[in-house]
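Position 1 is the first residue of the sequence; numbering continues from there.
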Amino acid sequence: GNLLMVFVVIAGVFSFNKMEKEFWPPGRDNSVQVSASWPGASPEDMESQVIIRIEEATAGLDGVDWVRSRSGEGFGWVSIQSESGADIDAMTQEVRSRVESISGLPTGMDPIRVTRQVGRNASFIIGLHGNVDERTLRDTAERLRDQISLLPGGANTEVWGARPPEVSIEVSEASLQAFGLTFDDVARAVRSSSVNAGAGAVRTADGNFQLQARNLADTELDFENIIIRQTPDGGIVRIGDVATVNDGFVDTNLYSRMNGEPAMLVALQTADQFNIWDTKKAVDEALTQFRTTLPQGLQLTIVNDESEGYNELLSLLFQNAAQGFFLIFFLLLLTLHPKVAFWSTLGVMTAFAGSFFILPYIGVSLNFMSVFGFLLVLGIMVDDAIIVGEAVYERAERGHHGADAAILATQIVLKPLVASVFVTMIAFAPMMMFSGEVRQFTSAISMVVISTLIFSLIESLIILPAHLAHVTKPNPT
């Protein structure tokens with residue numbers, strides 16, 4: 001009994017440390033998102049030349065419930081919702097394969113992205129604010145994002161409240177006429193010169209190496225130096241000679257302020273494998289170092305720290321558990337034998353620790369929903385130990401003691417005890433069978449309740465009787 005109890009406790013503590021820890025689990029929707037970007041395209045062109053092509057390519061997929069699409073200025077997306085029970089991962093791969101086979105898409109498009117929809121919450125939001133120019137603010141926010149994305153759990157870090165960069169070329173008609181050029185000449189030079197292109201591969205004894213010509217213009221100076229024409233006498237006409245290049249941002253209605261100052265937010269969103277405690281520690285260390293490199297006039301403020309709410313959540317769980325253990329011990333101490341009170345309370349604590357054992361191996365993280373499941377089952381699991389403890393004590397009052405008495409007492413309550421536990425399991429089991437997005441949240445409650453009741457039953461029927469075998473008839477004096 002003691003060896004099994006120690007094993008259950010150690011295994012539970014090990015699994016608790018291994019479990020993912022997050023306030024909310026990432027909600028995986030049963031849909032596939034196909035996103036397309038075509039800078040400068042009108043919604044009509046986006047619809048007719050891109051979105052319809054994607055819809056035609058993905059038509060006829062098995063297990064599709066509905067398809068929605070939207071086209072806008074320079075962007076568009078197609079959302080494909082699967083039916084209940086469909087293999088969403090296989091559908092994602094099939095959609096990706098079909099989209100990659102589309103030929104004849106417009107030039108200038110960014111690569112089409114095919115992803116499974118995942119709802120993530122921002123665990124940490126960091127605000128950068130100060131009276132600095134927008135370029136400095138954006139560069140600092142992106143630098144912070146890049147540093148945080150390298151931390152444990154920080155892969156999905158994004159910058160919020162930043163306008164996309166844009167390089168605009170304002171062509172002067174008088175300058176074009178002076179050099180004998182047209183607007184098409186300028187556009188053709190930009191399209192042909194600002195591009196990354198593959199250049200084949202080289203095979204060597206050390207391996208194969210891919211060659212690529214990287215000539216994509218990115219800054220104001222890069223665009224100004226693009227050559228439009230070379231004259232017979234050796235002269236060169238560049239973009240900067242006939243146009244004004246402005247390295248700025250997309251003209252959008254965006255107003256982002258914090259404490260009355262221009263601001264941007266860096267949001268760390270939960271990853272597929274996430275431990276909020278490890279991430280919190282790494283983020284604090286990174287921010288301490290990053291503050292020393294802030295440009296003058298910029299301040300860094302933590303807007304949201306979900307680890308604080310998470311710590312309060314676990315504190316609520318363990319406080320409720322501790323109060324429950326104390327009440328069990330106190331009430332059994334008043335009504336039964338001190339040994340029964342001690343071993344029954346210790347047995348409930350053992351079952352609580354053991355309930356964590358299998359959770360990380362069945363994909364359950366320690367989050368709001370699983371903690372809710374623990375709070376539900378705490379009041380149920382104590383009954384098993386109390387029933388067995390009272391049965392053994394009742395036999396002791398009759399003068400029976402030893403292992404035989406403990407086994408006989410356990411056998412008397414075995415059937416009703418097992419029946420009540422299984423009825424409770426059956427009551428919570430349907431929560432694992434819900435369809436759609438809700439199942440990702442309700443299944444955690446069901447698994448926690450079932451896991452806890454299993455270990456409560458093991459402790460009450462195997463470990464506790466071995467400990468209560470030494471209970472003797474109480475002394476009347």
Side-chain angles (χ1 to χ4, degrees), residues 1-26 28 123 152-153 270-282 306-307 309-325 328 343 345-382 384-385 421-422 424-425 428-429 431-432 439-464 466-467:
N2 290 331
L3 288 177
L4 184 57
M5 182 181 68
V6 171
F7 170 78
V8 169
V9 172
I10 293 176
V13 172
F14 175 79
S15 294
F16 175 84
N17 293 326
K18 186 177 180 179
M19 288 181 72
E20 295 179 43
K21 298 174 178 64
E22 53 197 353
F23 196 90
W24 286 105
R28 292 185 173 275
S123 291
T270 53
D272 292 338
Q273 303 291 327
F274 193 71
N275 187 318
I276 196 170
W277 288 342
D278 294 342
T279 303
K280 164 67 173 175
K281 180 180 178 181
E306 209 171 53
S307 66
Y310 185 80
N311 291 336
E312 292 177 0
L313 182 67
L314 287 194
S315 177
L316 175 65
L317 171 62
F318 289 114
Q319 284 179 8
N320 275 267
Q323 291 173 6
F325 299 152
I328 294 170
W343 287 115
T345 304
L346 190 62
V348 174
M349 296 170 65
T350 302
F352 179 70
S355 62
F356 291 96
F357 177 46
I358 63 174
L359 295 181
Y361 304 103
I362 56 177
V364 178
S365 63
L366 195 58
N367 54 61
F368 181 86
M369 301 307 295
S370 55
V371 168
F372 181 69
F374 277 116
L375 293 176
L376 279 178
V377 78
L378 273 175
I380 303 174
M381 63 181 292
V382 301
D384 301 342
V421 169
F422 273 89
T424 306
M425 290 181 182
F428 281 92
M431 300 178 71
M432 294 189 294
R439 179 181 178 275
Q440 303 167 59
F441 300 96
T442 58
S443 61
I445 299 176
S446 180
M447 291 178 182
V448 165
V449 170
I450 292 175
S451 171
T452 304
L453 291 178
I454 288 175
F455 278 93
S456 176
L457 202 60
I458 293 173
E459 196 284 330
S460 299
L461 299 180
I462 299 177
I463 301 176
L464 185 59
H467 290 146

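Distance check: Phe14 CZ to Phe357 CZ gives 9.0 Å after rounding to the nearest 0.5 Å. Expressed to the nearest 0.5 Å, how far CZ of Phe7 lies from OG1 of Thr350 amounts to 13.0 Å. Between the CD1 atom in Ile328 and the CG atom in Leu346 there is a gap of 11.5 Å [rounded to 0.5 Å]. Here NZ of Lys280 is found 12.0 Å from CD of Glu306. Values are rounded to the nearest 0.5 Å. Residue Tyr310 holds its OH atom at 10.0 Å from CZ of Phe23, rounded to the nearest 0.5 Å. Taking CD1 of Ile276 as the start and CG of Asn311 as the end, the distance is 7.5 Å to the nearest 0.5 Å.
In terms of heavy-atom proximity, Phe428 sits nearest to Ser446 at O-OG, 2.7 Å. Annotation for Leu366 and Met19: closest pair N-CE, 3.5 Å, computed over non-hydrogen atoms. Smallest separation of non-hydrogen atoms from Ala282 and Pro152: CB-CD, 3.9 Å. Here the shortest heavy-atom pairing between Met447 and Ile362 reads SD-CD1, 3.9 Å.
Remark: Phe356 pairs with Phe16, Phe352, Phe374 by the ring pair (Phe, Tyr, Trp, His ring centres under 6.0 Å) rule, at least two apart or across chains. A search for side chain to side chain donor-acceptor pair (under 3.5 Å) contacts involving Ser307 returns Asp305, not counting sequence neighbours. For Glu20, there are no side chain to side chain donor-acceptor pair (under 3.5 Å) partners, not counting sequence neighbours.
Between Ser123 and Phe274 there is a side-chain heavy-atom pair separated by less than 4.5 Å.
Judged by distance alone, with hydrogens and angles left aside, the side-chain atoms of Thr442 form a donor-acceptor pair with the main-chain N or O of Met431 at under 3.5 Å.
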Extract all donor-acceptor atom pairs below 3.5 Å that involve side chains of residues 313-321 and protein atoms in other chains or at least two apart in sequence.
from   : atom 1 : to     : atom 2 : distance (Å)
Ser315 : OG     : Gln319 : NE2    : 3.0
Asn320 : ND2    : Leu316 : O      : 2.6

Side-chain atoms of residues 448-461: list all donor-acceptor pairs with protein atoms under 3.5 Å, sequence neighbours left out, distances to 0.1 Å.
from   : atom 1 : to     : atom 2 : distance (Å)
Ser451 : OG     : Ser355 : O      : 2.8
Thr452 : OG1    : Val448 : O      : 2.7
Ser456 : OG     : Met381 : O      : 3.2
Ser456 : OG     : Asp384 : OD2    : 2.7
Ser460 : OG     : Ala385 : N      : 3.4
Ser460 : OG     : Ser456 : O      : 2.8

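Of the listed residues (Ile463, Ile10, Ile462), just one forms a side chain to side chain contact (heavy atoms under 4.5 Å, CB included) with Met5, and that residue is Ile463.
Sorted by first and then second residue, the side-chain hydrogen bond (donor to acceptor under 3.5 Å, both in side chains) pairs with a member in residues 366-380 read Ser365-Asn367; sequence neighbours excluded.
Crowding of Phe372 atom CZ: a count of heavy atoms from other residues, nucleotides or ligands under 6.0 Å not exceeding 12.
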